[in-house]
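All chains are named by letter (A, B, ...) in the order of the sequence lines, taking the proteins before the strands, and each is independently numbered beginning at 1.
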There are 2 protein chains.
Amino acid sequence: MALGKDYDYAAQECSIARALEIIGERWTLLVVRDALYGVRRYNDFLVHLKIPRAVLAARLQSLTEAGVLEKRRYQESPPRDEYVPTELGWGLWPALRALGLWGRAFNPDARPMRTFHHAECGTELGSYGECRACGRAVDPADVEMRPGPGLGPAEDAVSRALRAPRRLLAPLELQPR
Amino acid sequence: MALGKDYDYAAQECSIARALEIIGERWTLLVVRDALYGVRRYNDFLVHLKIPRAVLAARLQSLTEAGVLEKRRYQESPPRDEYVPTELGWGLWPALRALGLWGRAFNPDARPMRTFHHAECGTELGSYGECRACGRAVDPADVEMRPGPGLGPAEDAVSRALRAPRRLLAPLELQPR
DNA sequence: ACGGCAGGTTCGTTCACTGAACCCGCCACG
DNA sequence: CGTGGCGGGTTCAGTGAACGAACCTGCCGT
């Protein structure tokens with residue numbers, strides 16, 4: 001969303017509006033999604049999202065300021081930073097899961113892109129993110145992401161790396177080519 | 001979000017991006033939230049959200065076209081329409097619930113504005129809108145909304161009407177003054 | 001010395017949001 | 001019969017955000 005400087009959402013006495021102040025802008029939620037998928041580097045976000053560079057820089061900064069991501073130096077000389085989700089960031093997983101399920105319900109013809117499973121027992125997550133077998137909410141770190149039949153050909157290295165079954169939150173390691 | 005004409009989200013092979021194409025624009029989710037709270041009339045949305053008229057008209061139209069709301073004539077002469085959530089619209093409840101809880105987690109000092117309970121047993125809902133006691137997802141129609149301690153003074157008639165404990169989806173009846 | 005790469009910043013254009021003003025059909029009132 | 005009010009919009013100018021391309025910087029390898 002194009003939010004103005006003065007976030008009128010703030011006038012709303014509603015925690016949904018508060019949430020949208022933080023993650024309601026265009027691209028923001030997709031950045032968080034990628035972060036939970038394991039993307040951590042500026043260039044990887046850039047390649048995967050095809051987002052304008054200036055917008056990405058702005059989103060990473062505001063998410064960091066909000067405490068959703070943490071900017072962490074992973075090497076000096078040349079100085080390089082990565083953005084890793086904080087606990088507050090993981091907390092968006094239920095919302096993202098619910099949105100994803102709704103998006104799937106929205107066009108039921110499409111084959112699912114990815115499926116999410118409880119890593120310990122392998123059962124797919126239920127409609128509100130719980131493990132159907134265990135009957136409990138699953139911690140994001142215990143969620144396994146698997147490629148679904150709806151995925152097209154992977155064009156960039158990040159998409160390729162995200163095709164392998166992997167844990168949520170596990171950092172993305174790019175094998176060259 | 002300010003989405004352009006060509007929604008680049010569409011390039012994303014992800015149902016979250018698909019969802020955001022529909023409900024990702026500024027104000028859209030708040031309109032849906034109000035619709036689930038029982039708001040149905042143009043003017044009530046206008047008063048409660050303090051949203052520009054043109055934007056509201058655009059959102060109502062696009063949500064109707066997407067099948068999230070249904071435009072329904074409730075009287076002829078003068079012709080008057082109301083917008084009621086469809087089943088697809090109710091399907092956004094888990095996402096809204098998750099977002100609301102996250103917004104509450106985001107600033108833990110604030111007192112909750114509203115709490116949501118399973119109408120049959122009275123227990124508060126969990127992070128995906130499930131009943132903690134029953135362990136099952138609660139149909140939006142069985143959710144009872146109660147005012148919380150964080151609510152300020154109600155300024156408009158819609159806010160006043162929303163202070164009473166009420167069922168989700170129950171149409172708002174405005175008692176004059 | 002040169003090219004390349006990660007991680008940005010700058011800049012002009014386009015486009016959506018904003019608020020105020022205006023419009024239309026209908027009703028009620030005097 | 002005119003006049004005002006209300007619900008439900010549309011129109012319009014101004015502004016701020018998103019967009020994409022170009023540019024910049026620090027550092028490395030050769």
Practice item. Could you check whether A/Phe45 gets within reach of a base, just the sugar-phosphate, or nothing at all, counting any heavy atom under 4.0 Å? Key: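 Here A/Phe45 touches no strand at all.
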Practice item. Name the nucleic acid region contacted by B/Val55, choosing base, sugar-phosphate or nothing; use a 4.0 angstrom heavy-atom cut-off, strictly under. Key: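 Base contact.
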Residues which pass side chain to side chain contact (heavy atoms under 4.5 Å, CB included) with [X], listed by chain and number, not counting sequence neighbours:
{"X": "A/Glu70", "value": "A/Arg72, A/Val84, A/Thr86"}
{"X": "A/Thr123", "value": "A/His118, A/Cys121, A/Cys131, A/Ala133"}
{"X": "A/Pro149", "value": "A/Arg111, A/Pro112"}
{"X": "B/Pro85", "value": "B/Ala35, B/Leu36, B/Arg40, B/Leu69, B/Trp90, B/Leu169"}

Atom-to-atom span, [atom1] of [X] to [atom2] of [N] - whole angstrom:
{"X": "B/Lys71", "N": "D/dG7", "atom1": "NZ", "atom2": "P", "value": "17 Å"}
{"X": "B/Gln61", "N": "C/dC17", "atom1": "CD", "atom2": "P", "value": "13 Å"}
{"X": "A/Arg72", "N": "C/dG7", "atom1": "CZ", "atom2": "P", "value": "15 Å"}
{"X": "B/Arg59", "N": "C/dA16", "atom1": "CZ", "atom2": "C1'", "value": "9 Å"}
{"X": "A/Leu56", "N": "C/dT9", "atom1": "CG", "atom2": "P", "value": "11 Å"}
{"X": "A/Lys50", "N": "D/dG20", "atom1": "NZ", "atom2": "P", "value": "11 Å"}

Does OP1 or OP2 of [N] have a side-chain N or O of [X] closer than 4.0 Å?
{"X": "B/Tyr83", "N": "D/dG7", "answer": "no"}
{"X": "A/Trp27", "N": "D/dC19", "answer": "yes"}
{"X": "B/Asn43", "N": "D/dG7", "answer": "yes"}

Looking at the side chain of [X], which of [options] is the nearest nucleotide?
{"X": "A/Ala54", "options": "D/dG9, C/dC17, D/dG20", "answer": "D/dG20"}
{"X": "B/Arg26", "options": "C/dC17, D/dG9, D/dG7", "answer": "C/dC17"}
{"X": "A/Ala57", "options": "C/dG19, C/dT9, D/dG9", "answer": "C/dT9"}
{"X": "A/Tyr74", "options": "C/dG7, D/dC19, C/dT18", "answer": "C/dG7"}

Could you list the residues that satisfy ring-ring contact (aromatic ring centres under 6.0 Å, His included) with [X], not counting sequence neighbours?
{"X": "A/Phe106", "answer": "A/Trp102"}
{"X": "A/Phe116", "answer": "A/Trp93"}
{"X": "A/Tyr83", "answer": "none"}

Review point. Short question: side chain of A/Arg26, backbone of A/Val55 - any donor-acceptor pair under 3.5 Å?
Key: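 The answer is no, because no donor-acceptor pair under 3.5 Å joins these two groups.
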Pull out every protein N or O sitting under 3.5 Å from an N or O of nucleotides 21-24 of chain C, one pair per line with the distance.
none

Review point. Is it true that A/Arg59 and A/Glu65 have a side-chain N and a carboxylate O under 4.0 angstrom from each other?
Key: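 No, no charged N to carboxylate O under 4.0 Å.
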Review point. Would you call A/Glu144 and A/Arg146 a salt bridge, using N to O less than 4.0 angstrom?
Key: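 A salt bridge links A/Glu144 with A/Arg146.
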What pairs of nitrogen or oxygen atoms, one from the protein and one from nucleotides 24-30 of chain D, lie under 3.5 Å apart?
| from | atom 1 | to | atom 2 | distance (Å) |
| --- | --- | --- | --- | --- |
| D/dC28 | OP1 | A/Ser77 | O | 3.0 |
| D/dC28 | OP1 | A/Ser77 | OG | 2.5 |

